[in-house]
Novice: 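Submitted below is the structure of interest, expressed as structure tokens.
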Amino acid sequence: MNTFGLLRIADKIAIPVYDFKMTNRKACCIADAIAIDFQSIDSERESKRLLAEELGHVMNKALYPLSYCCDSLRRGNVMKMERKAKNCAIRLTVPLCELKTAIAEGVDDYDIADRLDIELWELSEAVEYYKLKGLL
């Protein structure tokens, strides 16, 4: 899945994605909309990763006020919402069937990550996620 495919998903489920210049972040979501500063993004992989995670937040209603980040009592809530968004991003960018195919055809981890067009650490996270779910 690439950025264009993720934008199509967002369009299909009526989640607006805005190209918005931000000073100290590259992507964020508010309610049912996503803002991404595409000019500050360095690569297609980074764009895909950021959009997938923000889609994960909106699709799972895994939202929280920014003030929660500074509140130690609510830090657990923030981490839970981030985990939900990250897991959704994994499912969007590394579908299980594509991962299994890449593993079967790949020579090593670098080759598998390259076939999936993701970073090596993202491959590791995806494999760990699917193993925890008992799917791999």
Novice: Return yes when atom CD1 of I30 has more than 12 non-hydrogen atoms of other residues, nucleotides or ligands closer than 6.0 Å, and no otherwise.
Specialist: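 Not buried by this count: 12 neighbours or fewer within 6.0 Å.
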Novice: How far apart are the closest heavy atoms of L50 and A27, and which atoms are they?
Specialist: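 Residues L50 and A27, closest heavy atoms: CB-CB, 4.2 Å.
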Novice: Rounded to the nearest 0.5 Å, what separates atom CE in M59 from atom CD1 in I34?
Specialist: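 So the CE of M59 and the CD1 of I34 are separated by 9.5 Å.
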Novice: Indicate yes or no: at least one non-hydrogen side-chain atom of H57 is less than 4.5 angstrom from one of E82.
Specialist: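 Answer yes - side chains close enough.
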Novice: Where is the tightest heavy-atom contact between K100 and L135, given as atom of each residue plus distance?
Specialist: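 Residues K100 and L135, closest heavy atoms: CE-O, 3.5 Å.
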Novice: Salt bridge check: are R45 and E122 linked by an N-O gap of less than 4.0 Å?
Specialist: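 A salt bridge is absent here (no side-chain N lies under 4.0 Å from a carboxylate O).
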Novice: Could you measure the distance from the CG atom of L63 to the CG atom of D32? Nearest 0.5 Å is fine.
Specialist: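 The distance works out to 7.5 Å.
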Novice: Starting at NZ of K21, measure out to CD1 of I36 and round the result to the nearest 0.5 Å.
Specialist: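 Here the interatomic distance stands at 14.0 Å.
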Novice: In Å, rounded to the nearest 0.5 Å, how long is the span from CG of N60 to CE of M81?
Specialist: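 Taking CG in N60 and CE in M81, the distance rounds to 9.5 Å.
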Novice: Between E46 (side chain) and I41 (backbone), is there a donor-acceptor pair under 3.5 Å?
Specialist: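 Between the backbone of I41 and the side chain of E46 there is no qualifying donor-acceptor contact (under 3.5 Å).
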Novice: Are any of the side-chain heavy atoms of K48 and F4 separated by less than 4.5 Å?
Specialist: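 The answer is no, as the side chains (C-beta and beyond) never meet within the 4.5 Å cut-off.
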Novice: Can you find a heavy atom in the side chain of L123 that is under 4.5 Å from one in the side chain of L99?
Specialist: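 Touching, per the 4.5 Å side-chain cut-off.
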Novice: OG of S124 to CD1 of I112: how many Å apart, nearest 0.5 Å?
Specialist: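 Rounded to the nearest 0.5 Å, the OG-CD1 separation comes out at 11.5 Å.
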Novice: Do L96 and K133 make a side-chain contact, defined as non-hydrogen atoms from C-beta onward lying under 4.5 Å apart?
Specialist: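 Side chain of L96 against side chain of K133, heavy atoms only: no contact under 4.5 Å found.
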Novice: Closest heavy-atom contact between V94 and Y130?
Specialist: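 That closest heavy-atom pairing would be O-OH, 2.7 Å.
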Novice: Determine the sole option in L6, D11, L7 for which the side chain to side chain contact (heavy atoms under 4.5 Å, CB included) test with V17 is passed.
Specialist: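 Of L6, D11, L7, side chain to side chain contact (heavy atoms under 4.5 Å, CB included) with V17 is met by L7 alone.
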Novice: Heavy atoms, side chains only, cut-off 4.5 Å: are T93 and R49 in contact?
Specialist: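 No, every pair of side-chain atoms sits at 4.5 Å or beyond.
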Novice: Let me check something: do Y18 and L51 share a hydrophobic cluster, defined by ILVMFWY side-chain heavy atoms less than 4.5 Å apart, either directly or through other members?
Specialist: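 No.
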Novice: With heavy-atom distances below 4.5 Å as the criterion, would you say the side chains of L136 and V127 are in contact?
Specialist: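 Sidechains of V127 and L136: in contact.
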Novice: Any side-chain heavy atom of N77 sitting closer than 4.5 Å to one from Y64?
Specialist: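 Side chain of N77 against side chain of Y64, heavy atoms only: no contact under 4.5 Å found.
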Novice: So, does E54 use its side chain to make a donor-acceptor pair with the main chain of A35 at under 3.5 Å?
Specialist: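 No, E54 side chain to A35 backbone: no donor-acceptor pair under 3.5 Å.
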Novice: Got a second to check how far L120's CG is from D114's CG, nearest 0.5 Å?
Specialist: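 Answer for the CG-CG pair, L120 versus D114, is 11.0 Å.
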Novice: So with a 6.0 Å cut-off around CE of M79, is the heavy-atom count from everything else above 12?
Specialist: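 Check fails, neighbour count at 12 or below.
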Novice: Salt bridge between K86 and E125, side-chain N to carboxylate O under 4.0 Å?
Specialist: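 Yes, this pair counts.
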